[in-house]
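Below you'll find the structure, written out as structure tokens, and then a few comments.
Values reported hereafter were calculated over all heavy atoms of this structure, with side chains retained and with hydrogens, waters and symmetry mates removed. Source: prediction; values computed, not measured.
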Amino acid sequence: MRKRRTDFLTRIRTDMEKKFRQATCLLVNVAVFDSASGGDLRIPENLSAPELLRELRSLEVEIVFYGSGGGDFVSTNGFGGLIEENGHQITADRAYVLDSVGRKDSVLLGSELSDVDFFLSGVFSVSPSSAPLDLKAVSSYVSNFDGEAVFTELGNLIVNSKRGDRE
């Protein structure tokens, strides 16, 4: 019985890595950053959030930060200026996000109940540990982290999957 569980977990990890390797669009609800960064990845080779903005762009992954607090996010976040500088964008347009969610190569990081409809669209979805239970129930992956740490975790998973593809 133990072997079957291991096989199942291996298949889940393989599916996640494949999804991350194929990602060309990362959609991030700016409300994710409203929570304090709960948890420290403590992996020195992981990239910081600002470094991820540059690296994901070099790997041809567009990041779309969405939500009604986008303007506040840019002005209060330590890497707000790097968003547009690296070709990423911020939008409050739910229709744009919904169109992007419909793409097979999108990965979504959301934290609010309003994200449930996006999560149910079939996109690979990630929620932070502080997300509402209803959102976690429909997430593809629930992180152990909050705030910038969950963004950093997800970004590094995508970067490491894509780098592994190059080798």
Side-chain angles (χ1 to χ4, degrees), residues 1-56 59 61-67 69-70 72-73 76-80 82-83 88 97 100-101 105-165:
M1 192 65 131
R2 180 118 171 109
K3 181 172 177 15
R4 182 174 180 175
R5 181 170 183 246
T6 303
D7 291 343
F8 180 71
L9 291 175
T10 300
R11 189 176 55 192
I12 290 172
R13 286 186 192 106
T14 302
D15 290 347
M16 283 177 58
E17 187 172 315
K18 179 181 176 188
K19 188 62 176 170
F20 294 149
R21 197 171 36 253
Q22 295 171 346
T24 61
C25 182
L26 173 58
L27 300 152
V28 180
N29 187 329
V30 295
V32 165
F33 294 89
D34 290 347
S35 297
S37 279
D40 180 3
L41 299 179
R42 296 182 191 206
I43 303 173
E45 61 271 10
N46 274 347
L47 301 171
S48 67
E51 292 169 328
L52 284 169
L53 292 173
R54 287 186 284 272
E55 185 64 19
L56 287 167
L59 293 169
V61 177
E62 173 191 20
I63 306 174
V64 177
F65 294 94
Y66 69 91
D72 293 335
F73 169 72
T76 60
N77 187 288
F79 56 91
L82 293 171
I83 293 169
H88 305 299
V97 176
S100 297
V101 166
D105 58 354
S106 292
V107 174
L108 176 67
L109 173 57
S111 63
E112 300 179 307
L113 283 176
S114 61
D115 292 323
V116 168
D117 56 335
F118 296 147
F119 279 43
L120 292 174
S121 70
V123 70
F124 189 90
S125 54
V126 177
S127 61
S129 63
S130 63
L133 187 58
D134 290 347
L135 187 65
K136 289 179 183 179
V138 295
S139 297
S140 306
Y141 174 73
V142 178
S143 175
N144 290 325
F145 302 105
D146 285 319
E148 191 174 314
V150 68
F151 173 76
T152 303
E153 175 194 28
L154 179 57
N156 277 288
L157 287 169
I158 293 171
V159 166
N160 291 333
S161 294
K162 287 186 164 293
R163 283 180 178 166
D165 205 25

If the condition is side-chain hydrogen bond (donor to acceptor under 3.5 Å, both in side chains), which residues does S127 pass it with, not counting sequence neighbours?
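Expected list: S139.
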Evaluate the criterion side chain to side chain contact (heavy atoms under 4.5 Å, CB included) for residue pair T152 and L47; output intermediate values, then yes/no.
CA-CA 7 Å; T152 303; L47 301 171; over 6 Å; no
Heavy-atom distance under 4.5 Å between the side chains of [X] and [Y], does that happen here?
X    : Y    : value
V107 : Y141 : no
D15  : K18  : no
N46  : N160 : yes
S106 : L27  : yes

List the atom of [X], the atom of [Y], and the distance in Å for their closest heavy-atom pair.
X    : Y    : result
E17  : S161 : CG-OG, 3.4 Å
N29  : G67  : OD1-CA, 4.5 Å
V64  : C25  : CG2-SG, 4.3 Å
G110 : L135 : O-CD2, 3.7 Å
S111 : A31  : OG-C, 3.5 Å
V61  : K162 : CG2-CE, 3.2 Å

Once you measure the plane-to-plane angle for F118 and Y66, does it fall in the parallel (<30°), tilted (30-60°) or perpendicular (>60°) bin?
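Ring orientation, 0 to 90° scale: perpendicular.
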Before you tell me yes or no, could you show the steps for F151 and L26 under side chain to side chain contact (heavy atoms under 4.5 Å, CB included), namely the whole-Å CA-CA distance, both residues' side-chain angles and the distance that decides it to 0.1 Å?
CA-CA 10 Å; F151 173 76; L26 173 58; 4.1 Å; yes
Find the distance between [atom1] ([X]) and [atom2] ([Y]) and round it off to the nearest 0.5 Å.
X    : Y    : atom1 : atom2 : value
L113 : L133 : CG    : CG    : 10.0 Å
E51  : L56  : CD    : CG    : 11.5 Å
K19  : S140 : NZ    : OG    : 8.5 Å
F145 : S130 : CZ    : OG    : 13.0 Å
T24  : L59  : OG1   : CG    : 12.0 Å

Under the ring-ring contact (aromatic ring centres under 6.0 Å, His included) rule, collect the residues that match up with F124, sequence neighbours excluded.
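ring-ring contact (aromatic ring centres under 6.0 Å, His included) list for F124, sorted by chain: F20.
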Worked check of side chain to side chain contact (heavy atoms under 4.5 Å, CB included) between S143 and L154
CA-CA 9 Å; S143 175; L154 179 57; over 6 Å; no
Donor-acceptor contact present, side-chain D105 to main-chain Q22, <3.5 Å:
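No, D105 side chain to Q22 backbone: no donor-acceptor pair under 3.5 Å.
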Would you sort out whether N156 and L52 count as a side chain to side chain contact (heavy atoms under 4.5 Å, CB included), showing the intermediate values?
CA-CA 7 Å; N156 277 288; L52 284 169; 3.9 Å; yes
